[in-house]
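The next block holds one structure in the form of structure tokens; read it before the comments.
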Amino acid sequence: MAEIKKLDYSFYGRKDVVKIARELLGKVVVTEFNGQRTSGRIVETEAYNGAVDRASHAFGGRRTRRTEIMFGDAGTAYVYLCYGIHHLFNVVTNEKDIPHAILIRGVEPLEGIPVMLQRTGKKRPDNTLTRGPGNVSKALGLLTVHTGSSLSGEQVFIADDGYRPRKAEIGVSPRIGVDYAGPDAELPYRFFVKGNEYVSGPRAKAD
DNA sequence: CGACCGATCGTCT
DNA sequence: GACGATCGGTCGA
């Protein structure tokens, strides 16, 4: 078994959120609530570049009750409610007062699949279990109450188990669902593992 | 396969 | 009072 190493501030605290988003591909997100452990390998991410990014909730340095956590220390979770239904899970990066974040949009299930089925109300595991940011959070049991949780902690953490997608396997594209961001909607801030069935978006050409 | 639609509620104006 | 960093279902070509 490869050694499992929790990512810490030396990973999350760096300044290039786009680079970190790419590096998160292949890492493992683990949650353990009430003894129920679930985990999945990250296959899709999106970088949100803080104050200068029209797609970010923190665009223009906007500090509100909701966005405040992004202005805090790196290596914490930013989970917010979208459309009143979906809890979206983000990783806060960069130093304090710089509101960078990375949305986890798809993971490949590893541990605790029965628990994920229970949480999502699905009968059998298929690619919709953890495909798309809303489904990822639901399967992993992440809710808005977990906003501010350390990502190097016991309940929630992200680890490096030695696996790394090859460079040729990594796809890049504009982000999904951010048409409101004008020119920033075109930025190549979305990263995914090509051909992986847990990557969201149009099936057509992930090649 | 693409277009559209309803669900549902915390956050901000 | 309006509006989403979404999802899953339905409808029609």
Side-chain angles (χ1 to χ4, degrees), chain A residues 17-18 20-22 24-25 29 40 42-72 76-94 98-109 116-149 151 171-192 196-207:
Chain A
V17 68
V18 176
I20 300 173
R22 190 185 332 113
L24 276 174
L25 293 179
V29 189
I42 299 172
V43 298
E44 184 183 358
T45 62
E46 279 180 1
Y48 286 85
N49 194 24
V52 300
D53 182 356
R54 295 186 125 77
S56 170
H57 293 155
F59 174 63
R62 179 187 175 76
R63 285 180 100 120
T64 64
R65 181 163 50 244
R66 183 176 64 154
T67 65
E68 188 61 30
I69 197 68
M70 285 196 281
F71 290 84
T76 58
Y78 168 44
V79 186
Y80 74 96
L81 188 63
C82 185
Y83 294 100
I85 304 174
H86 305 291
H87 298 255
L88 304 203
F89 169 56
N90 293 254
V91 174
V92 175
T93 69
N94 210 316
I98 301 185
H100 286 180
I102 297 164
L103 174 66
I104 306 302
R105 295 190 54 93
V107 308
E108 183 173 329
M116 294 185 187
L117 289 172
Q118 187 184 316
R119 285 177 181 148
T120 57
K122 293 180 193 288
K123 302 270 191 289
R124 320 173 144 274
D126 63 16
N127 66 333
T128 67
L129 187 60
T130 52
R131 170 179 152 175
N135 291 331
V136 167
S137 304
K138 196 166 185 182
L140 292 175
L142 289 163
L143 305 168
T144 54
V145 294
H146 298 117
T147 234
S149 293
L151 295 178
V172 185
S173 82
R175 292 168 292 185
I176 292 178
V178 297
D179 297 341
Y180 60 86
D184 291 347
E186 302 305 317
L187 295 169
Y189 284 0
R190 171 171 174 259
F191 299 94
F192 56 95
N196 189 286
E197 64 175 331
Y198 296 96
V199 173
S200 67
R203 292 292 72 201
K205 52 169 317 202
D207 310 341

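All chains are named by letter (A, B, ...) in the order of the sequence lines, taking the proteins before the strands, and each is independently numbered beginning at 1. What you see is a predicted model; the values in this text were computed from it and never measured. Atom set for the values below is all heavy atoms of this structure, side chains included, hydrogens, waters and symmetry mates excluded.
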Test salt bridge (Lys or Arg N to Asp or Glu O under 4.0 Å) applied to A:Arg190 - qualifying residues, sequence neighbours left out: A:Glu44
With sequence neighbours excluded, residues passing ring pair (Phe, Tyr, Trp, His ring centres under 6.0 Å) with A:Tyr80: A:His57, A:Tyr78
Partners passing side-chain contact (heavy atoms from CB on, under 4.5 Å) against A:Phe59 (at least two apart in sequence or in another chain): A:Arg54
Partner residues of A:Tyr83 under the side-chain contact (heavy atoms from CB on, under 4.5 Å) criterion, sequence neighbours left out: none
Contacts of A:Glu186 that satisfy salt bridge (Lys or Arg N to Asp or Glu O under 4.0 Å) - sequence neighbours left out: none
Set of residues satisfying side-chain contact (heavy atoms from CB on, under 4.5 Å) with respect to A:Asn135, sequence neighbours excluded: none
Between the protein and nucleotides 3-8 of chain B, which nitrogen or oxygen pairs are less than 3.5 angstrom apart?
| residue | atom | partner | partner atom | Å |
| --- | --- | --- | --- | --- |
| B:dT8 | O2 | A:Tyr83 | O | 2.2 |

Pairing pattern in dot-bracket form [Watson-Crick, G-U; both distances under 3.5 Å; | = partner strand] for DNA chain B: |||||||.||||.
Pairwise side-chain hydrogen bond (donor to acceptor under 3.5 Å, both in side chains) hits with a residue in residues 116-126 of chain A, at least two apart: A:Thr38-A:Arg119, A:Lys122-A:Thr128, A:Asp126-A:Thr128
Which residues share a ring pair (Phe, Tyr, Trp, His ring centres under 6.0 Å) with A:His146, sequence neighbours left out: A:Phe33
Sugar-phosphate, base or nothing in reach of A:Asn90, heavy atoms under 4.0 Å: base
Any residue meeting side-chain contact (heavy atoms from CB on, under 4.5 Å) with A:Pro125, in chain and number order, not counting sequence neighbours: A:Ile113, A:Leu117, A:Leu129
Nucleotide interval of DNA chain C bounded by contacts with chain A (heavy-atom cut-off, under 4.0 Å): C:dG4 to C:dG8
